2 protein chains.
Amino acid sequence: MGKSAASSPRGPTRARIIETACVLFNRNGAERTTTRAIAEAAGINEGNLYYHFRSKELLVLAVFERFEHAADALLTDGSSSTPFDYHLRLRGWFELTWAYRFLFRDVAGLEAIAPSLTVRLRRLSVRLQRRVRTMIAGLTEAGLLRIAPEESDRLLDNLWIVASYWIAFLVAHRGVKQIAPRHLEWGFAQVRSLFAPYLGAEMRGLLDSVPVRDE
Amino acid sequence: MGKSAASSPRGPTRARIIETACVLFNRNGAERTTTRAIAEAAGINEGNLYYHFRSKELLVLAVFERFEHAADALLTDGSSSTPFDYHLRLRGWFELTWAYRFLFRDVAGLEAIAPSLTVRLRRLSVRLQRRVRTMIAGLTEAGLLRIAPEESDRLLDNLWIVASYWIAFLVAHRGVKQIAPRHLEWGFAQVRSLFAPYLGAEMRGLLDSVPVRDE
DNA sequence: GTCTATAATCAGATAGAC
DNA sequence: GTCTATCTGATTATAGAC
């Protein structure tokens, strides 16, 4: 009795379809990716694809579930809360939003082809945001972050917006076609600059000491 | 010898098509809005629509041009630069992004159905961002804004991201279906909170004194 | 300018042989 | 599990009468 959306068959083909779909969704958007293209890229026939996923919606949902698990794991896994942990989690989030960037392109459009996504997306969003709120509260209590409670919610939302739509911004306004590691660094720095004005000296020092990874 | 993308016919029908298209684009996204739906909503036949716009791309471009003119007018018109003017212009921008919110849903997807939009969108983006940069520099010189030069660019980009994707955020994460004036206020407050840490006392007082409009 | 066809294409999805 | 063949419906766009 698994928790997955797509019910029946397992095996390597199914996994390959999901992986291929994710790649193509990211490249062209889920709406402009046809089942035909996915099947072809996965090296199977279209009819076969429909054996594994009885509709495109179920396939989209299966891809989403991978993101969901990764996101949950990232933000609940290890409740340790040193500044370094926050740093790593933020980086993990950036890599995740990049790996599943099609989810951040046009949610309304995505929900149009996969209506069952609406509820699950909202639930995930609430879960994650609650967790981040706790993290911010923890930082504040520890005296690492100095921010008024009413400003805290604004910061949280701005944080969320920047951390979610940095890719869309780079694509639309900077003409970036392929995101490279340096773009990840860029988005990362943007989010850090949101925090910067509220950071205590201690926290600032800790963050600056974290080395930039070279991938 | 007009500057518009769509060349030939003028008149009320053409204008009505553009207006109708904009409304439907905003409602369902430009990609999921069919020429049939536009024609029907405009009360004309589909063949007639294709008389006025020889392709869907030209229609998209015509709608974009209205946005472009409004945006240019908003950010170049009246180079006066009192804090109050900045305030009004920011509000104007929020109303504009709302009135043409389909442009901020999925730029890559939009460019897929209207490739000629790519260049014009990027050019507009550069123009606007340059203007905002000047505004920030002006505020800094006037001593109203206190921010280090290297932080200034980060602020500018975050500003741009929040001011562009606040709608997408509300739709995706708050489940907002119809944007009301209070949502405009919300987005407005989000952007102001980006500035807040860098505001001098004088500027802060001026902004707070600007009344909230009740539409 | 506006309409009535209708073409051309392509999407998601199904039936049934292997 | 995988393939071939096919259906159905929708979408952009055109030709030509009024």
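Since this is a predicted model, take the numbers as computed values, not measurements. A note on names: the letters A, B, ... follow the listed sequences, proteins ahead of strands, and every chain is numbered from 1.
Screening residues 17-26 of chain A for side-chain hydrogen bond (donor to acceptor under 3.5 Å, both in side chains), with sequence neighbours left out, gives A:Glu19-A:Arg66. For residues 12-45 of chain A, the pairs satisfying ring-ring contact (aromatic ring centres under 6.0 Å, His included) are A:Phe25-A:Phe102, with sequence neighbours left out.
With sequence neighbours excluded, the residues that form a side chain to side chain contact (heavy atoms under 4.5 Å, CB included) with A:Leu170 are A:Trp166, A:Arg174, A:Val176, A:Ile179, A:His183, A:Trp186. Judged as a salt bridge (Lys or Arg N to Asp or Glu O under 4.0 Å), and not counting sequence neighbours, the contacts of A:Glu46 are A:Arg36. With sequence neighbours excluded, the residues satisfying side chain to side chain contact (heavy atoms under 4.5 Å, CB included) with B:Ala37 are B:Leu24, B:Thr34.
The distance between atom CD1 of B:Ile113 and atom C1' of D:dA13, rounded to the nearest whole Å, is 15 Å. Rounded to whole angstrom, the span from the CG atom of A:Leu49 across to the P atom of D:dC3 amounts to 11 Å. Look at OH on A:Tyr51: it is 8 Å from P on D:dT2, rounded to the nearest Å.
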Let me have a per-nucleotide readout for nucleotides 4-18 of chain C, 5' to 3', with B, S or -, counting only protein heavy atoms under 4.0 Å. B------SBBB----
